[in-house]
Structures are given as C-alpha cells and as structure tokens.
Amino acid sequence: FVDNFSMRGNSGVALDNIPDRILKQFNQFRDYKLIFLQYGLNVIREDSSRYGWYAKKMIKVIGKIKKDFPKASIVLLSVSDRSTNTGGSYRTASSIPALRNTQRYIAKETGIVFWDLYEAMGGEDSMVKFVGSRPALAAKDYTHLTFKGGKKLAGSLVKSLLFELEEYEKKNAL
C-alpha cells in the first residue's frame with residue numbers, strides 16, 4: 001500500500017505539528033517500511049541562499065519521523081529545478097542549488113538517503129527543457145511537472161532504487 005500525506009504549499013516543517021501519538025497510530029496500523037520526503041520548493045526565496053533555519057527545522061522533523069516510524073527507511077528527495085524569468089529568458093532560480101545543498105546536508109546529518117531530483121531532471125536549466133519538450137514534461141509556470149514529467153522522474157527514482165537493491169544483494173549474497 002501507498003499513503004500520501006500531501007500538504008500543498010508546505011515546506012515540510014509542519015510535519016512537526018502532527019502529534020507523535022497520531023503518527024505512532026498510523027505506523028501501528030500500517031507498519032511503514034519506506035518514507036519519501038519531498039519538500040522545498042515552497043521555501044525558495046529568490047534573494048536568499050541561506051537555509052540554515054530550514055536545515056535546523058527539518059533535522060528536527062526527521063528525528064521525529066525516525067522516532068515514530070522506527071522500522072522505516074527514509075529518503076529525502078531534493079527540490080526539482082524551478083525557473084524564473086530573468087531579463088526575458090527563463091533560467092534556474094538562483095536559490096535552487098543552495099536549497100538542494102542544504103537538503104543534502106540534512107540527509108547526511110540525519111543519516112537518511114538523499115536522492116537528487118534536480119540532477120535527475122538534468123541540473124541547471126532543466127526545467128526549461130522539460131517545459132519545451134514534446135509532449136511537455138512541465139507546466140508553463142516553470143515550476144510544476146506534468147503527469148508525464150512526474151512519470152519520467154518516478155521511473156528514474158525506481159531505477160535508482162532497484163540498482164541499489166541489486167548492489168546490496170550482490171554484497172550480501174554470501
């Protein structure tokens with residue numbers, strides 16, 4: 001089964017507001033094995049490259065999730081690319097790499113897996129390519145993926161997970 005705790009417009013830090021007893025009850029009924037966290041685009045501020053405040057709050061959130069779902073592995077997906085119109089052309093928002101690096105730091109500090117969605121898209125200015133592809137893989141707001149874009153990136157994620165599983169099984173096949 002798959003659950004989706006979708007919270008539109010949320011940076012992820014609001015997960016800390018869910019009472020532990022509620023999360024533990026979810027886990028008691030579902031016995032979660034894998035949790036994906038995908039947040040960040042709503043944190044982006046074009047004039048900022050400092051996200052230490054976000055790291056501090058998300059490290060706390062991940063600690064809570066680890067405590068409430070003790071048998072679950074956790075994967076943090078980075079922000080995707082997002083473009084802004086600068087001087088008449090769309091380019092990667094200048095704060096995307098800084099937030100992505102902050103998310104990598106969060107994963108390292110909490111001992112969870114990090115998957116770089118920004119790089120999976122193609123890195124800098126990949127959103128422009130996603131919007132311009134046929135069929136379009138992203139909306140003309142240069143922020144949101146289309147269903148086809150999401151499916152493409154989900155395929156990349158699954159491929160990565162299966163590769164890691166295969167490598168793990170090779171190492172432990174004694």
Side-chain angles (χ1 to χ4, degrees), residues 1-7 10-16 18 20-43 51 54-82 92 96-127 129-130 133 135-138 144-174:
F1 56 86
V2 175
D3 280 345
N4 180 12
F5 297 165
S6 177
M7 296 187 207
N10 184 358
S11 65
V13 299
L15 293 171
D16 197 38
I18 302 173
D20 287 328
R21 66 179 172 74
I22 299 293
L23 294 176
K24 287 177 180 176
Q25 285 176 344
F26 273 125
N27 194 44
Q28 182 180 9
F29 290 111
R30 296 288 192 190
D31 192 25
Y32 290 87
K33 300 291 187 240
L34 181 60
I35 297 172
F36 289 95
L37 300 173
Q38 183 188 11
Y39 295 101
L41 277 180
N42 294 308
V43 174
Y51 293 102
Y54 183 67
K56 185 177 178 182
K57 289 180 179 188
M58 284 305 292
I59 287 169
K60 183 179 176 193
V61 165
I62 291 168
K64 174 189 186 91
I65 292 170
K66 288 172 104 174
K67 181 181 64 156
D68 293 342
F69 300 92
K71 293 191 280 178
S73 296
I74 303 169
V75 179
L76 177 61
L77 281 67
S78 79
V79 289
S80 61
D81 190 23
R82 177 181 183 179
T92 292
I96 291 284
L99 181 57
R100 189 258 326 247
N101 291 338
T102 299
Q103 290 175 314
R104 181 178 281 127
Y105 168 80
I106 292 166
K108 183 178 180 187
E109 286 297 305
T110 57
I112 65 172
V113 173
F114 176 77
W115 194 72
D116 197 332
L117 179 58
Y118 175 76
E119 285 300 321
M121 285 182 73
E124 188 173 349
D125 297 331
S126 56
M127 182 57 76
K129 293 174 188 158
F130 269 55
S133 69
L137 300 175
H144 297 96
L145 299 171
T146 62
F147 178 79
K148 288 184 188 281
K151 186 174 180 178
K152 174 184 171 125
L153 291 169
S156 295
L157 175 59
V158 168
K159 212 171 166 180
S160 295
L161 291 172
L162 292 175
F163 173 80
E164 291 300 328
L165 175 62
E166 193 175 297
E167 292 298 305
Y168 174 83
E169 288 173 341
K170 283 180 196 173
K171 286 180 186 173
N172 294 292
L174 301 173

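Because the structure is predicted, anything quoted here is derived from the model rather than measured. These numbers come from the heavy atoms of this one structure, side chains and all, not from hydrogens, waters or symmetry mates.
- For Asn101, the side chain to side chain contact (heavy atoms under 4.5 Å, CB included) criterion is met by Arg104, not counting sequence neighbours.
- In this structure, CD1 in Ile35 is found 10.0 Å from CD1 in Ile112, a value given to the nearest 0.5 Å.
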Q: Take Tyr51 and Arg100 through the side chain to side chain contact (heavy atoms under 4.5 Å, CB included) test and state the conclusion after the steps.
A: CA-CA 10 Å; Tyr51 293 102; Arg100 189 258 326 247; over 6 Å; no
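- Of all non-hydrogen atoms in Pro135 and Lys148, the two that sit nearest each other are CG-CD, 3.5 Å.
- Here NE2 of His144 is found 7.0 Å from CG of Leu41. Values are rounded to the nearest 0.5 Å.
- The CG atom of Asp116 sits 4.0 Å away from the OG atom of Ser78 when rounded to the nearest 0.5 Å.
- Considering every non-hydrogen atom in both Thr102 and Ala55, the closest pair reads CG2-CB, 3.8 Å.
- A heavy-atom distance below 4.5 Å is found between the side chains of Leu157 and Leu77.
- Between the side chain of Tyr118 and the backbone N or O of Arg82, no donor-acceptor pair lies under 3.5 Å.
- A distance of 4.5 Å separates CG of Leu99 from CD of Gln103, quoted to the nearest 0.5 Å.
- Counting heavy atoms from C-beta on, the side chains of Leu37 and Ile65 come closer than 4.5 Å.
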Q: Step by step, work out the side chain to side chain contact (heavy atoms under 4.5 Å, CB included) result for Leu162 and Glu166.
A: CA-CA 6 Å; Leu162 292 175; Glu166 193 175 297; over 6 Å; no
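- Shown here are the side chain to side chain contact (heavy atoms under 4.5 Å, CB included) partners of Lys159, two or more places apart in sequence or in another chain: there are none.
- Proximity of a side-chain donor or acceptor of Asn27 to a complementary backbone N or O of Tyr32 within less than 3.5 Å is detected.
- In this structure, Val113 and Phe36 have side chains that are not in contact, with every pair of non-hydrogen atoms separated by 4.5 Å or more.
- Checking side-chain atoms of Asp68 against main-chain N and O of Leu23 turns up no donor-acceptor pair under 3.5 Å.
- Using modelled atom types, no side-chain atom of Glu109 and backbone atom of Lys56 make a donor-acceptor pair closer than 3.5 Å.
- A distance-only check finds no donor-acceptor pair linking the side chain of Glu124 to the backbone of Thr92 [under 3.5 Å].
- Separation of atoms CE (Met121) and NZ (Lys129) is listed at 10.5 Å; rounding is to 0.5 Å.
- To the nearest 0.5 Å, the span separating CG on Asp81 from CZ on Phe130 amounts to 9.0 Å.
- Under 4.0 Å is where a charged nitrogen must lie from a carboxylate oxygen, and between Asp31 and Lys71 at least one such pair does.
- For NZ of Lys66, the number of neighbouring non-hydrogen atoms (other residues, nucleotides, ligands) closer than 6.0 Å is greater than 12.
- The backbone N or O of Ile18 lies less than 3.5 Å from a partner atom in the side chain of Lys64, making a donor-acceptor pair.
- For Phe114, the CZ atom is densely surrounded, since the number of other residues' heavy atoms within 6.0 Å is greater than 12.
- In this structure a side-chain-to-backbone donor-acceptor pair under 3.5 Å is present from Thr146 to Ala136.
- The local environment of NZ in Lys24 is crowded, with over 12 non-hydrogen atoms from other residues, nucleotides or ligands closer than 6.0 Å.
- Counting heavy atoms from C-beta outward, Asn10 and Asn42 have side chains that stay 4.5 Å or more apart.
- Checking side-chain atoms of Lys67 against main-chain N and O of Asp20 turns up no donor-acceptor pair under 3.5 Å.
- Residues Val13 and Tyr39 form no side-chain contact, since every pair of their non-hydrogen atoms from C-beta on lies 4.5 Å or further apart.
- In plain terms, the two heavy atoms of Tyr54 and Ser11 that are nearest each other are OH-O, 2.6 Å.
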